[in-house]
Amino acid sequence: MFDEADELGISFILLAGGEPMLRRGVIEAAGKKKNILFPIFTNGTFMDEDYLDLFDKKRNLIPIMSIEGKKESTDQRRGAGVYDRLIANMNELKKRDIIFGASVTVTSENIHEVVSDVFLSDLSDRGCRAVIFVEFVPVTDEGRELVLNDADRELLMNEISRLREERPEMVYISFPGDEKSSGGCVAAGRGFFHINSHGGAEPCPFSPYSDVNIRNSSLKKAMHSPLFMALQSGDILMDDHDGGCVLYEKRKLVEELMKAAEVKEWITV
């Protein structure tokens with residue numbers, strides 16, 4: 001897959017999970033593709049001396065470590081001791097001058113902490129060069145209280161704008177907040193798509209529907225699947241939503257498009 005991606009001119013591939021660092025062979029293969037940037041989203045608990053050596057030699061591999069704020073917030077969500085492990089990783093990466101970033105899941109509980117100068121100054125001082133703010137998307141209705149409300153999203157947007165002006169030493173990315181500047185959601189092959197652990201090409205991780213598998217299809221064909229084309233040709237990717245992910249929020253409509261895509265594929269065959 002990496003060979004075809006290189007030939008197609010794909011410039012970056014996100015490696016996420018689960019925990020991608022459990023698949024060292026995949027990361028080593030990625031390191032050989034110097035023309036592609038590979039941000040690796042990791043909880044940081046499997047980063048050892050061998051991985052540090054690999055990141056040192058293969059600078060197209062960029063570890064992006066998940067952190068939820070300071071120690072209490074991170075350990076509450078990620079488990080006891082995770083924060084200290086992340087800080088130790090950051091210190092080692094800085095010693096080697098290896099670029100790394102942080103991924104922050106923003107909830108109604110931690111939003112003020114993760115946009116604070118105290119938290120971000122600490123990341124910057126440790127050598128972090130990119131912070132990716134990901135709005136919390138609930139898997140079930142039980143997590144709705146953690147979803148950002150309108151005031152929270154406005155605060156996040158304003159703070160990111162301020163940070164980009166006042167703290168340019170780090171890059172700040174907001175998902176899905178930056179959708180507006182890109183003209184809507186960029187999922188379903190409009191800018192990116194997701195490949196699950198079974199090879200299924202999905203619109204995005206929050207929209208787990210697939211009508212094509214890269215194990216028996218090319219990447220180019222996958223990017224033009226009936227489901228992706230239906231999503232791109234409609235208005236759904238441009239729709240307003242309450243926050244998080246428009247495709248998750250409108251999953252019933254995506255399911256209908258998926259069924260239609262399956263029928264179209266069956267007729268074509």
Side-chain angles (χ1 to χ4, degrees), residues 1-6 8-23 26-27 29-30 33 36-43 61-64 66 101 103-106 130 132-140 173-179 182-234 236-239 241 243-259 261-262 265:
M1 185 195 78
F2 291 158
D3 288 337
E4 186 185 359
D6 198 1
L8 289 172
I10 293 174
S11 56
F12 70 95
I13 298 175
L14 309 181
L15 298 180
E19 176 48 57
M21 291 180 68
L22 286 171
R23 300 293 299 274
V26 173
I27 295 178
K33 296 301 175 183
I36 303 176
L37 192 67
F38 289 88
I40 303 169
F41 285 72
T42 173
N43 63 25
L61 303 177
I62 310 295
I64 307 291
S66 299
S103 173
V104 181
T105 303
V106 187
I132 301 173
F133 295 101
V134 182
E135 292 183 30
F136 174 77
V137 176
V139 177
T140 67
I173 299 172
S174 175
F175 175 80
D178 286 332
E179 285 181 355
S182 59
C185 178
V186 294
R190 187 169 172 266
F192 82 95
F193 65 96
H194 179 247
I195 299 173
N196 65 33
S197 60
H198 303 292
E202 302 170 340
C204 85
F206 300 116
S207 186
Y209 305 98
S210 177
D211 61 342
V212 63
N213 193 295
I214 64 166
R215 291 182 176 179
N216 49 38
S217 171
S218 68
L219 283 176
K220 188 174 183 179
K221 181 179 178 181
M223 288 189 288
H224 294 86
S225 76
L227 176 60
F228 285 8
M229 291 296 97
L231 289 170
Q232 290 181 33
S233 62
I236 185 171
L237 296 176
M238 310 298 177
D239 282 352
H241 53 94
C245 174
V246 65
L247 293 180
Y248 177 80
E249 189 172 299
K250 300 181 182 297
R251 53 193 178 278
K252 290 185 179 180
L253 176 56
V254 178
E255 290 175 359
E256 292 174 3
L257 292 173
M258 176 64 194
K259 292 177 182 178
E262 290 176 340
E265 183 70 17

- Task: Please name all residues satisfying side-chain contact (heavy atoms from CB on, under 4.5 Å) with Phe12, sequence neighbours left out, ordered by chain then number.
- Result: Leu14, Leu37

- Message: Any donor-acceptor pair under 3.5 Å linking the side-chain atoms of Tyr209 with those of Glu202?
- Response: no

- Task: Would you please say whether a donor-acceptor pair under 3.5 Å links the side chains of Asn43 and Ser66?
- Result: no

Just wondering, do [Y] and [X] contact through their side chains at under 4.5 Å, heavy atoms?
X      : Y      : answer
Phe193 : Ser225 : no
Leu237 : Leu247 : yes
Glu249 : Val246 : no
Asp6   : Ile36  : yes
Ser218 : Glu4   : yes
Leu227 : Val212 : no
Ile27  : Ile40  : yes

Determine yes or no for a side-chain-to-main-chain donor-acceptor pair under 3.5 angstrom, with [X] supplying the side chain and [Y] the backbone.
X      : Y      : answer
Glu135 : Ser174 : no
Ser210 : Ala201 : yes
Arg251 : Ser207 : no
Asn213 : His198 : yes
Ser233 : Met229 : yes

Please report the shortest heavy-atom distance between [X] and [Y], naming the atom on each side.
X      : Y      : result
Met1   : Ile214 : SD-CD1, 3.5 Å
Phe192 : Pro205 : CE1-CD, 4.4 Å
Gln232 : Met223 : NE2-O, 4.2 Å
Leu219 : Ala5   : CD1-N, 3.8 Å
Pro39  : Ile13  : CD-O, 3.4 Å

Between [atom1] on residue [X] and [atom2] on residue [Y], distance to nearest 0.5 Å:
X      : Y      : atom1 : atom2 : result
Cys204 : Arg190 : SG    : CZ    : 13.5 Å
Leu253 : Ile236 : CG    : CD1   : 4.0 Å
Lys33  : Phe38  : NZ    : CZ    : 8.5 Å
Leu61  : Met21  : CG    : CE    : 10.0 Å
Leu8   : Asp3   : CG    : CG    : 11.0 Å

- Query: What class does the angle between the rings of Phe206 and Phe175 fall in, given that below 30° is parallel, 30 to 60° is tilted and above 60° is perpendicular?
  - Reply: parallel

